Amino acid sequence: MTVAHHPNDFDAVVVGAGFAGLYMLHRLRSAGLRARVVEAASGPGGTWFWNRYPGARCDIESMQYSYQFSTALEQEWNWSERYASQPEILKYVEHVIERFQLSDDIQFNTRVKSAVYDESAARWTVTTASGEILTSQFCIMATGCLSSTNLPDFKGLDAFKGPQYHTGQWPSDGVDFTGKRVAVIGTGSSAVQSIPLIAEQAAELLVFQRTPNYSIPAFNAPLSEDERNRIKANYGALREAGKQQILAYDIEYNPQLAANASPAEIRAECEKRWRLGGLYFYGAFADMLIDEKVNRTVADFVREKIREKVSDPTVADLLTPQAIFGCKRICADTNYFETFNRANVKLIDVSEIPIAGMTALGVQVGDQEYAVDAIVFATGFDAMTGSLNRIDIRGKSGEKLVDKWSAGPRTYLGLSTAGFPNLFTISGPGSPSVLTCMITSIEQHVEFIGDCIDHMRTAGLREIEPTVEAEEAWVSHVNDVAASTLFNSCNSWYLGANVPGKKRIFMPYIGFPPYVEKCNEVVANGYEGFTLSAA
Ligand code: NAP
């Protein structure tokens with residue numbers, strides 16, 4: 001018998017066509033569901049669609065920052081560099097779409113305005129900015145953790161006469177800074193990657209720094225065919241090793257406690273991490289982000305390395321962080337600190353006298369006006385909750401998610417939230433997400449959600465929702481784990497501290513392997529912590 005469907009009625013609507021939305025679509029379709037992905041951008045890739053700033057590159061190695069659900073895909077794709085550039089990641093995304101024939105079920109240029117749950121029908125109504133209405137049993141938010149840009153509310157933003165850019169919304173046809181005097185505001189990962197390249201092009205570059213960041217050289221290099229083949233020959237083992245580690249990818253994690261190691265052993269491990277480069281430092285010692293004294297020893301090592309790179313001691317002092325090492329995400333760079341030795345680059349410290357705002361000519365700091373031709377805001381994101389809160393999401397009794405989360409996000413496993421049945425969040429707050437290789441975490445969530453929907457359909461169930469008790473217990477567990485580390489010690493975006501007025505709560509869950517274990521237990525115990533109800 002053929003079942004007639006209204007064209008806009010689906011089993012599942014997925015919001016976002018980044019890595020999460022694409023794999024979710026593939027998983028749903030493989031199970032025979034009618035699914036539609038809606039995406040605000042004009043193309044796929046999510047955060048990788050928008051972050052096209054000069055030097056945009058992943059800080060996790062390409063052979064690990066890629067899907068692992070398909071062995072054939074893994075074997076056929078050839079990454080050209082140790083760390084993939086943004087354009088190459090987009091090419092990979094396009095290949096995945098073509099290979100799994102996903103494009104027919106993706107609707108681009110479609111921003112979701114609201115998602116409202118109809119209790120009597122047990123269905124979601126998703127309304128787009130153009131007024132189109134889609135309905136579905138399941139609504140899956142694949143909206144990304146770093147997709148809502150954060151532009152500080154600087155005075156006079158409109159007054160500035162020149163062009164302004166945000167690294168997270170970079171024009172697709174690029175920007176030519178040749179001969180220009182450019183301001184970059186911010187010194188996080190996006191700035192650390194773009195500053196060396198903007199400095200090469202611009203006549204003059206002014207970098208406005210509020211807080212210096214730890215950055216470790218990435219040592220990016222082309223990947224030879226031999227290297228790729230060596231990894232591919234044993235890909236499964238590499239992926240498995242990654243899943244046993246805290247960041248969900250292989251960082252040669254050292255389970256040793258530095259507190260039990262000799263100074264020579266600590267030094268040797270730090271030198272090894274420095275040679276490995278970038279985020280490999282997160283694997284240095286099991287107690288690096290727990291024991292302040294250990295952290296100081298590692299940080300001193302990195303500070304020494306930074307000072308060696310910068311010729312002017314005053315500039316070196318300003319660029320050397322004093323914070324807990326790794327509390328804010330470590331950056332991975334190519335020639336970042338060296339760029340400040342260039343004659344055309346000037347570092348402007350705004351830690352004590354903040355940026356007062358923009359003028360017609362440039363950036364005002366105290367009584368000093370810095371005239372520039374263009375301003376680049378590398379000021380980050382309203383992370384993890386930003387994209388969800390910008391959609392008017394309403395659950396049972398019309399409760400708004402934004403109200404429920406006004407004192408910070410509350411989820412069960414970062415996958416679902418009480419009062420919002422059949423709504424799933426891929427890599428939502430309360431899951432390891434941003435502290436891991438995102439693609440591995442995404443795959444684990446997609447598979448959890450896919451299996452859960454399969455189970456519901458087989459058992460004839462129509463609603464799933466976490467209990468308030470399970471959610472409360474999970475939220476307090478996430479907080480307890482964070483409180484046992486040094487992660488609460490700095491003003492990071494993990495805590496929402498970068499967005500004025502945002503509630504200070506550590507949002508991601510620390511530890512991929514225990515998290516997966518917990519999810520597996522929940523399923524093995526019949527979706528423990530969830531209420532499932534029949535049709
Ligand atoms: P970010 O780490 O939040 O950095 C934002 C920068 O803007 C900080 O230096 C911040 O200073 C500064 N800032 C914000 N408001 C300011 C103000 N009012 N005045 C002066 N400075 C201000 O953002 P991001 O660099 O875009 O990176 C966010 C995350 O995206 C990263 O941590 C990483 O997870 C991801 N990312 C990854 C890659 C990669 O894979 N390689 C590249 C880019 C981004 P304060 O520190 O003082 O707040």
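Computed from a prediction, not measured in an experiment: that's the story for all the values here. Just so you know, these numbers use all the heavy atoms, side chains as well, and skip hydrogens, waters and symmetry mates. We count ligands from 1, going down the list as the structure has it; atoms in each ligand are counted the same way.
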Nearest non-hydrogen protein atom, atom 40 (O) of ligand 1:
Asp59 N, 3.0 Å
In the structure I gave you, are the side-chain heavy atoms of Tyr515 and Leu413 within less than 4.5 Å of one another anywhere?
yes
Report the nearest protein non-hydrogen atom to atom 26 (O) of ligand 1: residue, atom name, distance rounded to 0.1 Å.
Ser190 OG, 2.6 Å
N/O of Asn213 under 3.5 Å from N/O of ligand 1, yes or no?
no
Heavy-atom distances under 4.0 Å decide this one: backbone, side chain, both or neither, for Ala378 against ligand 1?
backbone
Do Leu73 and Val96 come close enough that some side-chain heavy atom pair is under 4.5 Å?
yes
What protein heavy atom lies closest to atom 47 (O) of ligand 1? Include the residue and the distance to one decimal.
Thr211 OG1, 2.4 Å
With a 4.0 Å cut-off on heavy atoms, is Thr167 in contact with ligand 1?
no
At under 4.0 Å between heavy atoms, is it the side chain or the backbone of Pro152 that contacts ligand 1, or both, or neither?
side chain
Do the side chains of Tyr23 and Val14 get nearer than 4.5 Å, heavy atoms only?
no
Hey, does Lys328 sit under 4.0 Å from ligand 1 if you only count heavy atoms?
yes
Among all protein non-hydrogen atoms, which one is nearest to atom 21 (N) of ligand 1, and what is the separation to 0.1 Å?
Arg210 CB, 3.8 Å
Take every heavy atom of Ala332, measure it against each atom of ligand 1, and state whether any distance is under 4.0 Å.
no
So, do Ile185 and Phe154 sit near enough that their side-chain heavy atoms are less than 4.5 Å apart?
yes
Side chain to side chain donor-acceptor pair (under 3.5 Å) between Asn213 and Ser215: does it pass, once the steps are laid out?
CA-CA 6 Å; Asn213 258 313; Ser215 187; over 6 Å; no
Within the 4.0 Å heavy-atom shell around Thr187, which atoms of ligand 1 are there?
6 (C), 8 (C), 9 (O)
Matching residue for Glu204 among Lys180, Lys346, Arg181 - test: side chain to side chain donor-acceptor pair (under 3.5 Å):
Arg181
With side chains defined as the heavy atoms from C-beta onward, is the minimum distance between Arg52 and Ser172 less than 4.5 Å?
yes
Among protein heavy atoms, which lies nearest atom 39 (C) of ligand 1, and at what distance?
Arg57 O, 3.2 Å
Short side-chain donor-acceptor distance under 3.5 Å, Ser62 and Arg82:
no
Side-chain contact test, heavy atoms from C-beta onward, threshold under 4.5 Å: evaluate it for Thr187 versus Thr211 and give yes or no.
no
Go through it in stages, so that I can follow the logic: the residues are His26 and Phe100, the test is ring pair (Phe, Tyr, Trp, His ring centres under 6.0 Å), and I'd like the CA-CA distance, side-chain angles, deciding distance and then a yes or no.
CA-CA 7 Å; His26 176 62; Phe100 297 102; 4.5 Å; yes
In terms of residue, atom name and distance, what is the protein heavy atom nearest to atom 36 (N) of ligand 1?
Ser189 CB, 3.9 Å
For Asn491, is the nearest heavy atom under 4.0 Å from an atom of ligand 1?
no
Within the side chain of His445, is there an N or O that forms a donor-acceptor pair under 3.5 Å with the backbone of Phe424?
no
For Cys58, the ligand 1 atoms with a heavy-atom partner under 4.0 Å come out as 40 (O), 41 (N)
Quick one: do the Asn51 and Thr47 side chains pair a donor with an acceptor below 3.5 Å?
yes
Going by distance only, is there an N or O of Phe154 that falls short of 3.5 Å from an N or O of ligand 1?
no
Taking both backbone and side-chain atoms of Trp493, is any N or O found less than 3.5 Å from an N or O belonging to ligand 1?
yes
Any N/O pair Tyr53/ligand 1 closer than 3.5 Å:
no
Looking only at protein heavy atoms, which one is nearest to atom 35 (C) of ligand 1, and what is the separation?
Leu146 CD1, 3.6 Å
Nearest protein heavy-atom contact for atom 12 (C) of ligand 1: which residue, which atom, what distance?
Gly186 CA, 3.6 Å
Is the closest side-chain heavy-atom distance between Ile89 and Cys58 below 4.5 Å?
yes
Asn150 N/O under 3.5 Å from ligand 1 N/O:
no
